[in-house]
Novice: 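Encoded as structure tokens, here's the structure I'll be asking about.
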Amino acid sequence: MTILARLDRWKQEALISPEQHSYLSGLCRREQVSLFLELNILLYAGVLAFVAGLGWTVSTWSQQLGDLLVVAVLSTLLAACFWYCFSRAPAWSFAETPAPTAIFDYVLYLGSLVWGIELAYLENRFHVLSGQWNFHLLATAAFFFFLAYRFDNRCVLSLALSSLAGWFGLTISHLPFHQDTAYRRFALLYCLLVGIGGVLLKQRSLKPHFFGTYLNIVANVLFWALLSGVFNRRGYGIWFLALLIACAGSLAWGLKRREFVFVAYSAVYGYVGVSSILIRGVYDDTVVLGYFVITAVAMLVALILIARRFGRAA
Amino acid sequence: MRLYSAFSEETLRARKLLADWADEGVLTKTQYERLAQETVSDLRTTNIFLRLILFLFTLICVAATAGLFFKVFLSQSSNQTTGIFLLIFAVVCYVAAEIAASQAHLYRYGIEEALVVCSVGFLCGGMQAALFSGRPYSPKPDVIQCVVPTAGLAFSLWIWRRFGLWYAFLAAMIFAVFLSGCWTSSPSAQRVIVGLLYVIGLVCVIAARSGLEHNEDDYAIVEPLLWLGIYLAINLQLSSLSMRAQWLGLGIRSASEFPRSFYWSTWVLIWCLPLVVLARGVRRKDRFVIAAGAMLAILTFVSNKPYLGWPRHTWDPMLLGILLIGTAWLIRSWLARSPGAIRRGFTSARLSGKDKDWMNVGSVAAGLAAPQSLAPTRSAEFRFGGGSSGGGGAGGSF
């Protein structure tokens with residue numbers, strides 16, 4: 001029975017109204033076809049190509065063009081983008097607000113990227129921050145957070161989170177002591193900061209739909225940091241314990257909230273971490289292969305049970 | 001031929017559509033719950049994340065089992081023996097996949113998919129080891145060598161039809177590329193052979209689609225894949241190794257690898273093909289084909305200058321960007337100006353909740369991906385390299 005036949009039957013049985021039947025049948029017959037996604041991808045690709053060309057041109061021809069012209073062009077572009085966004089933005093709200101125009105999000109994205117290029121140019125040519133790139137990243141992150149919350153834009157939010165991570169990373173590169181450990185600790189600090197920030201903002205109902213973005217980024221950074229600790233030759237015990245706790249937390253969250261990406265995180269990162277501990281120093285191929293057979297079967301059984309109990313609806 | 005009944009697949013499709021319509025608010029929650037009871041399929045499916053990890057762990061399990069078997073029982077065996085046992089593994093994996101799908105009713109569950117993927121790998125590896133191990137390598141084409149890619153192609157096509165997995169068709173297309181290398185060493189002839197094979201496939205798919213009304217999921221991705229394959233076969237600037245090297249600045253001269261008439265014929269074709277694909281996509285209102293046509297058009301713009309031997313400029317990407325933004329904006333405005341914002345059945349409005357989900361995931365990924373290339377290196381000689389600026393966007397070295 002095709003979906004059209006089902007719709008006819010549901011209409012006859014008064015399960016759907018004639019208007020619903022007409023609309024849904026039209027969709028199934030392709031009387032209406034949406035180009036929403038395609039046009040958005042085209043806009044995104046266009047902005048990305050434009051910014052790539054802009055950066056390339058500025059970096060290649062800056063000597064010939066002169067600082068004044070480069071800064072003037074970049075500033076004009078920046079001002080135009082932000083003028084467009086601020087002049088058309090709806091009143092700010094705590095809740096999710098749709099973009100006022102179809103190209104609004106892309107103009108904001110373009111402005112954010114041009115901001116990055118201009119700041120880098122100014123710093124490189126005039127040493128505004130005296131080579132302190134980390135402050136540049138921190139300022140950029142703060143500015144992007146402001147833009148993301150003002151204009152309700154996930155893309156700029158993830159730019160902000162990346163810039164913040166970049167600031168942490170660059171700050172560590174200035175530190176004199178052992179950097180692997182420092183990176184790990186700063187990654188955990190980043191997770192703590194971003195995670196707590198995300199929770200607090202959600203609790204205050206400040207753009208609560210952003211919470212998923214925070215959580216996914218925090219989960220991945222956290223798991224990578226913990227795994228890097230587990231891979232250490234010495235002193236990995238505490239990291240392994242932390243990894244197990246994180247996996248348990250991720251699994252519980254994923255099952256409770258029906259967000260199965262967190263189940264996937266806990267399964268994959270957990271398996272890699274546990275395997276690296278259990279087969280560390282084992283050089284017998286038979287034992288290693290036997291380990292993978294047994295553990296993969298065990299994982300499959302566990303995942304099938306999860307999938308049968310929880311996975312279908314999501 | 002198909003493993004799953006049309007009724008079961010149609011029921012599953014109806015269930016997904018109901019969920020989508022309920023998400024979009026076209027159906028009320030009560031209606032959705034009532035109608036969902038009528039769309040209970042006997043097929044067992046799961047969500048994308050569990051599907052992916054089930055696929056991964058099945059692959060690990062099968063690969064480790066095969067490795068353990070060879071380690072324990074056949075560590076001293078000849079290549080022929082190894083090949084024969086690999087073929088046995090292929091059969092075992094395929095039978096297991098059939099049982100998983102037919103008895104346990106697994107449908108896009110990850111497990112049966114990994115099993116069929118392993119069966120293709122074991123089949124090709126086994127045939128290669130059993131038939132061709134010990135043969136001296138020769139760069140000359142050898143028709144007998146086409147046995148392995150032919151078997152891989154045929155088996156992948158069978159899996160595509162039997163299980164309805166679109167990536168099995170992609171695997172078949174890749175095997176077709178290897179097939180051409182067995183017949184001739186001429187790059188032009190290889191491209192013509194690959195292109196012809198894809199054209200034959202396309203004709204079959206188009207013929208099959210013309211008889212279908214709406215349930216054409218099997219072909220929905222296959223047709224754009226074939227168009228893309230034909231395009232890549234004829235676009236010498238994108239798929240020629242020496243020309244890619246030239247693009248990457250490795251200093252290899254482009255070439256005389258192809259006859260002049262062939263070279264310029266392909267240039268004409270790369271301009272014609274996107275138009276044909278777009279026209280077909282618009283006529284059939286097929287989003288995947290339209291997307292493929294748009295992709296081909298962009299690739300044509302990107303590869304046109306290298307084709308003509310013209311120098312590329314740093315502002316070329318800007319012009320491409322302006323063209324893309326302008327095109328999107330014009331289409332959107334053109335659609336919006338018509339009554340009901342629908343023109344010839346097309347609208348720029350969102351009709352499916354899935355589009356919003358894709359946009360949300362894509363926007364987060366785009367934001368994360370953009371600054372990855374721009375973390376500034378802390379070197380004394382650091383010079384401005386186009387937005388090496390943290391949150392900026394342009395990579396330090398695009």
Side-chain angles (χ1 to χ4, degrees), chain A residues 3 6 28 30-40 42-43 45-46 49-60 102 113 116-117 119-121 124 133 137 140 144 154-155 158-159 162-163 166 173 213 260-261 264 267 285-286 289-290 292-293 296-297 299-300 303 307 311-312 314, chain B residues 10 14 17 34-35 46-47 49-50 53-54 57 60-61 64-65 67-68 71-72 214-215 285 291 314-315 317-318 320-322 324-325 328-329 331-332 342 345-351 355 358-360 363-364 366-368 371 375-376 378 384-394 398:
Chain A
I3 185 70
R6 282 177 202 272
C28 292
R30 296 188 184 177
E31 284 165 11
Q32 277 188 51
V33 174
S34 168
L35 294 178
F36 174 82
L37 192 62
E38 291 78 358
L39 292 174
N40 277 290
L42 217 55
L43 279 169
F50 181 82
V51 172
L54 185 67
W56 193 9
T57 304
V58 167
S59 63
T60 310
L113 297 180
I117 293 179
L119 213 58
Y121 186 81
N124 191 260
W133 281 98
L137 279 172
T140 298
F144 286 167
R154 275 193 179 86
C155 195
S158 52
L159 275 178
S162 297
S163 300
S173 71
T213 307
F260 289 93
V261 68
D285 291 345
T286 311
L289 289 167
F292 279 117
V293 172
V297 170
M299 287 298 290
L300 280 173
L303 289 167
R312 182 171 176 149
Chain B
E10 188 63 43
L17 283 172
R34 171 72 183 83
L35 297 176
T46 190
N47 69 76
F49 301 109
L50 290 178
I53 49 175
L54 284 167
F57 283 108
I60 293 173
C61 184
T65 306
L68 188 64
K71 177 74 187 165
V72 173
H214 306 292
N215 184 15
K285 292 185 185 165
T314 56
W315 52 84
M318 288 170 73
L320 179 68
I322 291 168
L324 296 182
I325 294 168
W329 187 72
I331 294 173
R332 198 186 283 272
I342 299 173
F346 287 103
T347 176
S348 61
R350 182 164 56 81
L351 297 176
D355 284 356
W358 278 112
M359 287 295 297
N360 286 341
S363 60
V364 173
L368 286 175
R378 189 170 166 259
F384 178 66
S388 300
S389 61
F398 347 100

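A, B, ... follow the sequence lines: proteins, then strands. Residue 1 opens every chain. As a basis for the values below, the full set of heavy atoms in this structure was taken, side chains included, without hydrogen atoms, waters or symmetry mates.
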Novice: Where on B/A14 is there a heavy atom nearer than 4.5 Å to chain A: the side chain, the backbone, both, or neither?
Specialist: both

Novice: Looking at B/L17, B/I331, B/L35, which has the largest count of heavy-atom pairs under 4.5 Å with chain A?
Specialist: B/L35

Novice: Taking only residues two or more places apart in sequence, or in another chain, which ones meet B/T65 in a side chain to side chain donor-acceptor pair (under 3.5 Å)?
Specialist: none

Novice: What's the separation between atom CG in A/L303 and atom CZ in B/F49, rounded to the nearest 0.5 Å?
Specialist: 14.0 Å

Novice: Locate the shortest heavy-atom distance separating A/A264 from B/I53; write the atom from each residue and the value.
Specialist: CA-CD1, 3.8 Å

Novice: Would you give the length of the straight line joining atom CG of A/L37 to atom CG of B/L351, rounded to the nearest 0.5 angstrom?
Specialist: 12.0 Å

Novice: Side chain, backbone, both or neither: which part of B/K285 has an atom under 4.5 Å from a heavy atom of chain A?
Specialist: both

Novice: Is B/L68 in contact with chain A via its backbone, its side chain, both, or neither, using a 4.5 Å heavy-atom distance?
Specialist: both

Novice: Can you name the nearest heavy-atom pair linking A/L39 to B/S348, along with the distance?
Specialist: CD1-CB, 3.7 Å

Novice: Please find the pair of heavy atoms, one from B/E10 and one from A/R6, that lie closest to each other, and give the distance.
Specialist: C-NH2, 4.2 Å

Novice: For residues B/R332 and A/A102, report the shortest heavy-atom separation together with the two atoms involved.
Specialist: CD-CB, 3.1 Å

Novice: Please identify each residue that fulfils side-chain contact (heavy atoms from CB on, under 4.5 Å) with B/I342, with sequence neighbours left out.
Specialist: A/Q32, B/T347

Novice: Can you tell me if CH2 on B/W329 sees more than 12 non-hydrogen neighbours from other groups inside 6.0 Å?
Specialist: no

Novice: Which one of A/G290, A/G46, A/A45, A/A267 has the most heavy-atom pairs closer than 4.5 Å to chain B?
Specialist: A/G46

Novice: Pick one of side chain, backbone, both or neither for B/R34, based on which atoms fall under 4.5 Å of a heavy atom in chain A.
Specialist: side chain

Novice: Indicate the atoms forming the closest heavy-atom contact of A/V297 with B/C61, along with that distance.
Specialist: CG2-SG, 3.5 Å

Novice: How long is the span from the CD1 atom in B/I322 to the CZ atom in A/F50, to the nearest 0.5 Å?
Specialist: 5.0 Å

Novice: Just by modelled atom types, is the B/T314 backbone N or O under 3.5 Å from a matching donor or acceptor in the A/T57 side chain?
Specialist: yes

Novice: Please round to the nearest 0.5 Å and tell me the distance separating atom CZ of A/R154 and atom CE of B/M359.
Specialist: 10.5 Å

Novice: If you take all heavy atoms of A/S34 and B/D355, which pair is closest and at what distance?
Specialist: OG-OD2, 4.0 Å

